[in-house]
Amino acid sequence: MSIKIAPSILSADFADMGGAVRELEACGADAVHCDVMDGVFVPNLTFGMPMIKAVKKHTRLPLDVHLMIVSPERYIDAFIDAGADYLTFHTAATDKTEEILKKIKERKVIAGIAVNPDVPLSAVEKYIEKADMLLIMSVYAGFGGQKFIAESLQKVESAIRLRERLNPELIIEIDGGINLENIREVESFGVDIAVAGNCVFSAPDKKERIRLLQGKRKSEKNKG
Ligand code: DX5
Ligand code: ZN
């Protein structure tokens with residue numbers, strides 16, 4: 001099984017999101033990563049529930065919603081109602097992590113917790129058993145097109161050990177600066193999903209780029 005690729009629509013044309021997600025599906029993407037930013041938790045603003053609801057109509061791919069907002073507990077139901085299939089929030093943005101995880105899981109959505117590069121895994125270890133997914137940021141959340149922080153690989157390695165010890169079912173996702181130079185190393189550690197914004201959207205041939213990131217041979221390109 002190859003690593004799953006979730007292109008981030010942060011790098012897409014905001015005036016044609018329907019077209020962008022249809023193209024991603026046609027190009028073999030595994031999920032659509034949706035970056036929700038509030039201008040407070042991160043110094044950038046993107047979109048909210050209406051965008052999730054709008055893109056949902058254009059694709060059957062799972063929507064992997066990454067909340068970079070303060071007090072995400074305010075909007076959990078709203079993002080699930082809008083169509084999130086994976087819903088991830090930053091534990092540093094709330095003091096209600098346990099309640100949020102419980103709520104997301106009750107609604108049968110994949111519940112993820114995210115850590116920025118300056119948040120040690122020790123800060124989230126107590127939630128690992130209750131989460132479905134751990135999102136490791138390999139850049140500081142806020143903008144697409146940043147450089148991959150090499151130290152993130154050590155965190156990935158520690159996360160894999162944490163998974164073995166506490167929750168073998170845990171999905172590990174990496175987000176930020178993923179490209180063809182670092183994806184195989186990331187994959188070799190055992191990461192399940194890699195987000196890729198700039199690397200996919202800057203490609204002259206997105207289908208080929210996604211296939212290369214997935215590490216699939218040409219004959220494998222249409223298999224799951
Ligand atoms: C950054 C976002 C990322 C970003 C990834 O805050 O969470 O998902 O879009 O973009 P690239 O792959 O360009 O670093
Ligand atoms: Zn993201």
Side-chain angles (χ1 to χ4, degrees), residues 3-14 17 20-21 23-24 27 29-49 51-52 55 61-70 72 75 79 84-93 109-119 124 131-153 155-156 159 171-187 191-204 206 209-210 212-214:
I3 190 166
K4 289 189 163 50
I5 300 299
S8 167
I9 55 171
L10 183 60
S11 298
D13 176 2
F14 273 40
M17 277 303 186
V21 295
E23 185 182 19
L24 291 176
C27 290
D30 296 293
V32 176
H33 187 81
C34 307
D35 286 307
V36 176
M37 305 188 189
D38 68 353
V40 181
F41 183 69
V42 287
N44 195 6
L45 281 162
T46 54
F47 47 75
M49 298 79 78
M51 180 67 89
I52 305 303
V55 298
L61 289 177
L63 299 186
D64 173 29
V65 177
H66 176 194
L67 300 180
M68 286 158 274
I69 64 175
V70 294
Y75 296 107
F79 276 102
D85 298 284
Y86 292 66
L87 190 53
T88 298
F89 62 97
H90 285 254
T91 54
V109 164
I110 307 280
I113 50 176
V115 286
N116 254 325
D118 61 353
V119 177
V124 295
D132 297 313
M133 182 160 94
L134 172 66
L135 169 55
I136 297 175
M137 291 303 304
S138 38
V139 300
Y140 280 90
F143 299 92
Q146 301 181 75
K147 191 174 176 295
F148 183 82
I149 297 173
E151 291 76 32
S152 314
L153 289 172
K155 205 179 211 173
V156 166
I171 299 164
I172 297 180
E173 181 174 52
I174 193 159
D175 182 6
I178 293 296
N179 57 37
L180 291 171
E181 276 82 63
N182 55 33
I183 187 77
R184 295 282 78 80
E185 190 167 13
V186 161
E187 182 182 38
V191 169
D192 303 288
I193 308 174
V195 175
N198 189 55
C199 181
V200 167
F201 283 92
S202 68
K206 295 190 188 62
R209 183 62 54 91
I210 291 170
L212 288 171
L213 283 166
Q214 288 164 331

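Both counts, for ligands and for their atoms, begin at 1 and track the order of listing. Note that this is a predicted model, so its numbers are computed, not measured. Positions are given from 1, in the same order as the sequence printed here.
- With atom 7 (O) of ligand 1 as the reference point, the heavy atom nearest to it among Val139, Asp64, Asp35, Thr46 is part of Asp35.
- At distances below 3.5 Å, not a single donor-acceptor pair connects side-chain atoms of Lys147 with backbone N or O atoms of Val139.
- A side-chain donor-acceptor contact under 3.5 Å links Glu187 to the backbone of Ile3.
- When only non-hydrogen protein atoms are considered, atom 12 (O) of ligand 1 lies nearest to Gly197 N, 2.7 Å.
- Asn179 places a side-chain N or O within donor-acceptor distance of the main-chain N or O of Asn182, the cut-off being under 3.5 Å.
- Taking distances strictly below 2.8 Å, the protein N/O/S atoms close to the Zn ion (ligand 2) are His33 NE2, Asp35 OD1, His66 ND1, Asp175 OD2.
- Considering backbone and side-chain atoms together, Gly177 places an N or O closer than 3.5 Å to an N or O of ligand 1.
- Between the side chain of Asn116 and the backbone N or O of Ala141, at least one donor-acceptor pair lies under 3.5 Å.
- Closest to atom 6 (O) of ligand 1, if we only count protein heavy atoms, is Gly142 N, 2.6 Å.
- Within ligand 1, the atoms closer than 4.0 Å to a non-hydrogen atom of Val195 are 8 (O), numbered from 1 in the order shown.
- Any N or O atom pair closer than 3.5 Å counts here, and Ser8 shares at least one such pair with ligand 1.
- In this structure, Asp64 contributes its side chain and His33 its backbone to no donor-acceptor pair below 3.5 Å.
- Panel note: side chain Asp192, backbone Ile172; a donor-acceptor pair is recorded below 3.5 Å.
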Report task. Quick one: do Ile210 and Val200 satisfy side-chain contact (heavy atoms from CB on, under 4.5 Å)? Show the steps, please. Result -> CA-CA 7 Å; Ile210 291 170; Val200 167; 4.0 Å; yes
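- Summary of contacts: the protein heavy atom closest to atom 5 (C) of ligand 1 is Asp175 OD1, 3.5 Å.
- Interface atoms of ligand 1 facing His66, defined by a heavy-atom separation under 4.0 Å, are 7 (O).
- Heavy-atom proximity to atom 11 (P) of ligand 1, evaluated over Ser138, Ala114, Gly145, is greatest for Gly145.
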Query raised in the report: Hey, mind stepping through Arg209 and Cys27 against side-chain contact (heavy atoms from CB on, under 4.5 Å) and telling me if it holds?
Result: CA-CA 9 Å; Arg209 183 62 54 91; Cys27 290; over 6 Å; no
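- Considering backbone and side-chain atoms together, Asn198 places an N or O closer than 3.5 Å to an N or O of ligand 1.
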Query raised in the report: Are Val115 and Leu135 close enough, and set up right, to give a side-chain contact (heavy atoms from CB on, under 4.5 Å), and what steps lead you there?
Result: CA-CA 6 Å; Val115 286; Leu135 169 55; over 6 Å; no
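- With ligand atoms numbered from 1 in the order given, ligand 1 contributes 6 (O) to contacts under 4.0 Å with heavy atoms of Ala141.
- Polar contact check, Met137 against ligand 1: no nitrogen or oxygen pair lies under 3.5 Å apart.
- Checked by atom type, the side-chain pair Thr46/Asp35 shows no donor-acceptor distance below 3.5 Å.
- Near Met68, meaning under 4.0 Å from one of its heavy atoms, ligand 1 places the atoms 6 (O), 7 (O).
- Remark: ligand 1 atoms within the under-4.0 Å shell around heavy atoms of His33 are 8 (O).
- Interface of Met37 with ligand 1, defined as ligand atoms under 4.0 Å from a residue heavy atom, comprises 6 (O).
- Looking at every heavy atom in both residues, Ala31 comes nearest to Pro7 through O-CD, 3.2 Å.
- Between the side chain of Asn198 and the main chain of Ser11, no donor-acceptor pair closer than 3.5 Å is present.
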Query raised in the report: How far apart are the C-alpha atoms of Leu87 and Tyr75, what are their side-chain angles, what is the distance that settles it, and do they pass the side-chain contact (heavy atoms from CB on, under 4.5 Å) test?
Result: CA-CA 11 Å; Leu87 190 53; Tyr75 296 107; over 6 Å; no
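- Atom CG in Leu24 sits 7.5 Å away from atom CG in Leu61 (nearest 0.5 Å).
- Residue Gly176 places a heavy atom under 4.0 Å from ligand 1.
- At the top of the distance list for atom 1 (C) of ligand 1, counting protein heavy atoms only, stands Phe143 O, 3.6 Å.
- Counting protein heavy atoms only, atom 10 (O) of ligand 1 is closest to Gly144 CA, 3.7 Å.
- Within ligand 1, counting atoms from 1 as listed, the ones closer than 4.0 Å to a heavy atom of Ala196 are 12 (O).
- In this structure, Phe148 and Gly177 approach most closely via the heavy-atom pair CB-O, 3.4 Å.
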